[in-house]
Amino acid sequence: MKMKNLLFPLLLLGLVPPLAAKGVYEAPAAFLADAFEGAPPTPAVIWLTGAKRKAVTQILQHKPDRLRIRYWARAGRSAWILEEIGKEKPITVGVVIDDGRISRIRVLVFRESRGDEVRHAFFTRQFERAGLAPGNRLDRPIDGISGATLSVRALTKLARVALYLDHQRTAP
Amino acid sequence: MKTRKPPIALALSLMLASPLAAQADTDLKAEVERLKAQNREILERLDATAELLESGRAGQPVGTTEAGPHDHAMPTTGSMRQRTFGIHGRTGSTLIGGYGEMHYNNLEQKDSGSPKSDKKAMDFHRFILFMGHEFSERIRFWSELEVEHAYLNDNNDGSGDTAPGEVSVEQAFLEFDLNDNTSARAGILLIPVGFINETHEPPTFYGVERNNVAKNIIPTTWREGGAGLTGRFGQGFSYDLLVHTGLKTSGSSNYAVRKGRTGVGAAPADNLAVTARLNWVGMPGLLVGGAVQRQTDITQGTDANAGAATLLSGHFSWQTGPFQLLGVYATWSLDGSGPATAGADRQTGWYVEPSWKVTPKFGVFARYSTWDNQVNSGTDTAYSQRDIGFNYWPHENVVLKFDYQDQSTPTGSAEYDGINLGVGYMF
């Protein structure tokens, strides 16, 4: 196999225009504006202390390195912008919850080199109307994507964290 | 006897008490305001402490951190640098990880013409350390250093052989992001065929031992020295295209592909190979893909009776809810009279594996696999194996495994049936 016969197709493929597998898909500010009809409320903060820290640790399977989580809430709606590492780098995800159920989940920023398939609507659509089941699990199964297992795992964890914290926010 | 205050004394007392009460009320209000201010300051200090802890930059004044793309995000974990990469050297950051697995095999030998020899062994089969370094946002290095079978020992017989283990570099490559969708790699690369060759951390697959199709037909762990591109396009398509060193089989081993691995140790590069793979994951739970490899001489010019070889492979994985079904098919075509005489001009294998994740921590599986490295020999050379077992994950990155295997082998070949136990981890 002659090397020169192989270089041309390799170079050609390298020049294929990018389809933005890595990058910012939606600015967090735009996500929030969209969630609250252009006027996001002032952010509030929930502290990850005591039982809340234990529960989030159990969901993530590791300790969160944040003491506080910021969120935006008005009436029965809350919006959360969270990050979790898939394999190597954090994936930024926006979650909107209406009355305890996910109404929207979006991958806002993807920095990993693999697993970006989780950004597609065919995947995120599975989370819509998902609520919290006993054990802080989702009340429905999420079908994975082979080759994107760690990204799927990260998004599922963040959906659970958002639902759990929303429940804590509204708990008496 | 009761005494009664004269009305005039009472009036005097009230006159004196009113200013005192007013003074006390004023003092109380001042104290409340002071406590409120103190409480505000404590909360501000608490926020500042949290900022400092979360920034991971103790010693740097709060507020001097540059605003970044995470302005709105409140990470539940730190960035890679915060969590796993330490500042290393003058630039960049370094990641360390690894995986490993220990096996217990209790297998009974059956149906063999040779003396009976059961396999009862405890083996720390693999101990792997990952090391990666990120030079910049677009250039990084990744490697895996492996110790198999726990240790090396010079036999002191002059042969230079060591037993029973092996130390090898399983991967070591530089990756360059050409754009957001395409990366180039160069170094020791895993050949992108099937599932197990690239993704073989113990918690990611069922069964204690890697299946035999991914051992004898796709010679896992199969790595070659070379360069290539990996990228993605459209709705869920991804590709890999590599130019790399090839296998070096020989007639003495009936051209079995597994015996042809060079491990990229001064590997002959007279006759390069090219591998292309395409995957599609356009709907949740489904992956469909295929790979093709062509090399111009599978003996690297050492056998005049052998020549080019082509590998064709297909794979799929379908998951719905807790159920998963995956399968792999791979077949080699070897040119030349040498492989044809041995019947090794066709080497084929496939397996299917249904599994059910009963709970997030417990899953059961079954597998049927069959492989034959001398399909055209005219004699019975096909092997098959049935496995059933379970995985238990006490943590998502830790697994305990059990399986039972039942083999069918060609007449005169050893058949091993029995149980396997394993523990594995990755981090």
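If you're wondering where the values come from, they're calculated on a predicted model, not measured in any experiment. By convention in this document, chain letters (A, B, ...) are assigned in the order of the sequence lines, proteins followed by strands, and residues within each chain are numbered from 1.
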Self-check item: A:L108 versus chain B, the contacting section by heavy-atom distance below 4.5 Å
Solution: neither
Self-check item: Interatomic distance, B:N397 atom CG to A:H62 atom NE2 [nearest 0.5 angstrom]
Solution: 10.0 Å
Exercise. Work out which heavy atom in B:E396 is nearest to a heavy atom in A:Q61; give both atom names and the distance.
Key: N-OE1, 3.4 Å
Quiz item: Out of B:E198, B:E175, B:Q235, which one racks up the most heavy-atom pairs below 4.5 Å with chain A?
Solution: B:Q235
Self-check item: Nearest heavy atoms of A:E117 and B:V281, plus distance in Å
Solution: CG-CG2, 3.2 Å
Self-check item: Contact winner vs chain A - B:G282, B:G289, B:A184, heavy-atom pairs under 4.5 Å
Solution: B:G282
Practice problem: Any chance you could measure A:L150, atom CG, to B:T204, atom OG1, to the nearest 0.5 Å? | Solution: 9.5 Å
Self-check item: Per-residue contact mode, B:N279 against chain A (heavy atom under 4.5 angstrom)
Solution: neither
Quiz item: Nearest 0.5 Å, what's the CG-CZ distance between A:D143 and B:F323?
Solution: 11.5 Å
Exercise. Counting only heavy atoms closer than 4.5 Å, note whether A:W47 contacts chain B via side chain, backbone, both or neither.
Key: side chain
Quiz item: With a 4.5 angstrom heavy-atom cut-off, which part of A:R137 approaches chain B: side chain, backbone, both or neither?
Solution: side chain
Exercise. Give the member of B:T320, B:D297, B:T199, B:L326 that has the highest number of heavy-atom pairs under 4.5 Å with chain A.
Key: B:T320
Practice problem: Step through the shown structure and confirm whether more than 12 heavy atoms of other residues, nucleotides or ligands are within 6.0 Å of NZ on B:K248. | Solution: no
Quiz item: Is there any residue in residues 121-130 of chain A with a non-hydrogen atom under 4.5 Å from a non-hydrogen atom of chain B, and which ones are they?
Solution: A:F122, A:F123, A:Q126
Self-check item: Separation between OG of A:S146 and CH2 of B:W318, rounded to the nearest 0.5 Å
Solution: 12.5 Å
Quiz item: What is the distance from atom CD1 of A:I145 to atom OG of B:S317, rounded to the nearest 0.5 Å?
Solution: 11.0 Å
Quiz item: Does any heavy atom of chain A fall under 4.5 Å from the side chain of B:P360, the backbone, both, or neither of them?
Solution: side chain
Exercise. Before giving the answer on side chain to side chain contact (heavy atoms under 4.5 Å, CB included), spell out for A:H120 and B:M283 the whole-Å C-alpha distance, their side-chain angles and the decisive distance to 0.1 Å.
Key: CA-CA 9 Å; A:H120 293 301; B:M283 57 183 286; over 6 Å; no
